[in-house]
Structures are given as structure tokens and as C-alpha cells.
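Each remark here refers to the structure printed beneath this line.
Remember, it's a predicted structure, so these values are computed and weren't measured experimentally.
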Amino acid sequence: QVQIVESGGGLVQPGGSLRLSCAASGRIFSIYAMGWYRQGPGKQRELVAAITSGGRTNYVDSVKGRFTISGVNAKNTVYLQMNSLKPEDTAVYYCNAILRVVAGAAEYDYWGQGTQVTVSS
């Protein structure tokens, strides 16, 4: 069994910062990538940022220069540093891990429960 646990959400004023953490644990053989998605009110879920085990990163255009994703590797943990937050960043943020549980198995997506980020004055 695989567990994906997020932490670090909350309420912050516009221009402020938050740091999200996500830890993958349990029966894990290898992780290909981990990332953060978000779903705002009345919106579809979108990819915010992702990082592969090799360190390659990808960001949605709206957060480039403001958000930084880091981690994975030995600790199976990923972080999302969010700076210069805007009201439109308000959403539930979900952690995602693409991993295989045993050698030779297919890679599958695993999701956390989500953490609320609210940017408001």
C-alpha cells in the first residue's frame, strides 16, 4: 500500500508565501516523478509543477518565477515553495506521484487527499 500525505496549506495574504510538503511512503520500488496539481472553485484540475527523479522540472505558465518545486530522490518527498501568491492561486492542491511498487511492474498514479490554499486579504 502507498500513502501520499500533504501538508502546509493555509490562509495567506496576497504577496505572501507558503511551502507545501508531500511525502510518499509504503510499498515503493521507484518513483518516476512527483508533482502538484490544483483545483480552484469551478475550475478543472490543472498541473502546477512536477519534478522527475532526475531533477527535470515543469511548471504551468501562471506560476513560473513564483513557485519552485524540489525534492524526490532518497526521501520520496517533494516540496512546493510558493511566493508572491495571488488570489487566483486559491485552490485545493493535490500531490501526485508516478511510481512502481515492485521491479518490472507498470507505473501508476497515486494521489494525496489535498490541502487547501487560500490567498485573501
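Using a 4.5 Å cut-off on side-chain heavy atoms (C-beta onward), Trp111 and Val2 make no contact. The shortest distance between side-chain heavy atoms of Ser120 and Pro87 does not fall below 4.5 Å. By the 4.5 Å heavy-atom criterion applied to side chains, Leu20 and Thr115 are counted as neighbours. Annotation: side chain of Asn58 is in contact with side chain of Leu47 (closest heavy-atom distance under 4.5 Å). By the 4.5 Å heavy-atom criterion applied to side chains, Cys22 and Val78 are counted as neighbours. Inter-residue side-chain proximity for Trp36 and Glu6 is flagged as met; some heavy-atom pair is nearer than 4.5 Å.
Note on Leu99 and Tyr108: same hydrophobic cluster, where clusters join Ile, Leu, Val, Met, Phe, Trp and Tyr whose side-chain heavy atoms are under 4.5 Å apart, directly or indirectly. Hydrophobic clustering keeps Tyr59 apart from Ile98 (ILVMFWY residues linked when any side-chain heavy atoms are closer than 4.5 Å, directly or through intermediates). By the rule that hydrophobic residues join a cluster once side-chain heavy atoms approach within less than 4.5 Å of another member, Ile51 and Tyr94 end up as members of separate clusters. Residues Phe29 and Met34 do not share a hydrophobic cluster, clusters being chains of Ile/Leu/Val/Met/Phe/Trp/Tyr side chains in contact below 4.5 Å. Cluster membership for Val60 and Met82, using ILVMFWY side-chain heavy atoms within less than 4.5 angstrom, is shared.
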Worked check of salt bridge (charged side-chain N to carboxylate O under 4.0 Å, His left out) between Asp61 and Lys64 = CA-CA 5 Å; Asp61 286 346; Lys64 286 180 180 177; 3.0 Å; yes

query = Passes side chain to side chain contact (heavy atoms under 4.5 Å, CB included), Tyr110 versus Gln3? Steps please.
reply = CA-CA 8 Å; Tyr110 292 84; Gln3 295 83 39; over 6 Å; no

ask   = Does the pair Cys95 and Ile4 meet the rule for a side chain to side chain contact (heavy atoms under 4.5 Å, CB included), with working shown?
value = CA-CA 7 Å; Cys95 182; Ile4 308 293; 3.8 Å; yes

inquiry  = For Glu46 and Arg38: C-alpha separation, side-chain torsions, deciding distance, then whether side chain to side chain contact (heavy atoms under 4.5 Å, CB included) applies.
reply    = CA-CA 6 Å; Glu46 66 171 352; Arg38 67 185 179 188; 2.7 Å; yes

task = Please report the C-alpha distance between Thr118 and Val12 in whole Å, then the side-chain angles of each, then the deciding distance to 0.1 Å, and finally whether the side chain to side chain contact (heavy atoms under 4.5 Å, CB included) criterion is met.
result = CA-CA 6 Å; Thr118 302; Val12 64; over 6 Å; no

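Remark: side-chain polar atoms of Gln13 are not paired, donor with acceptor, to backbone N or O of Val119 under 3.5 angstrom. Checking side-chain atoms of Arg100 against main-chain N and O of Ala105 turns up a donor-acceptor pair under 3.5 Å.
Remark: Asn76 CG to Ile28 CD1 distance equals 5.0 Å, nearest 0.5 Å. Atom CG of Leu80 sits about 8.0 Å away from atom OG1 of Thr68, to the nearest 0.5 Å. With rounding to the nearest 0.5 angstrom, the CD atom of Gln81 is 4.5 Å from the CG atom of Asn83. Atom OG1 of residue Thr57 and atom CZ of residue Phe67 lie 14.5 Å apart, to the nearest 0.5 angstrom.
Cation-pi geometry between Arg19 and Tyr79 is met: under 6.0 angstrom from the ring centre, within 45 degrees of the axis.
Scanning both residues, Thr90 and Pro41, for their nearest heavy atoms gives O-CD, 4.0 Å. Nearest heavy atoms, Val102 versus Arg27: CG1-NH2, 3.1 Å.
Considering only residues two or more places apart in sequence or on other chains, Ser84 meets the side-chain contact (heavy atoms from CB on, under 4.5 Å) condition with Arg66.
Counted by atom type alone, Arg45 and Tyr37 present zero donor-acceptor pairs between their side chains at under 3.5 Å.
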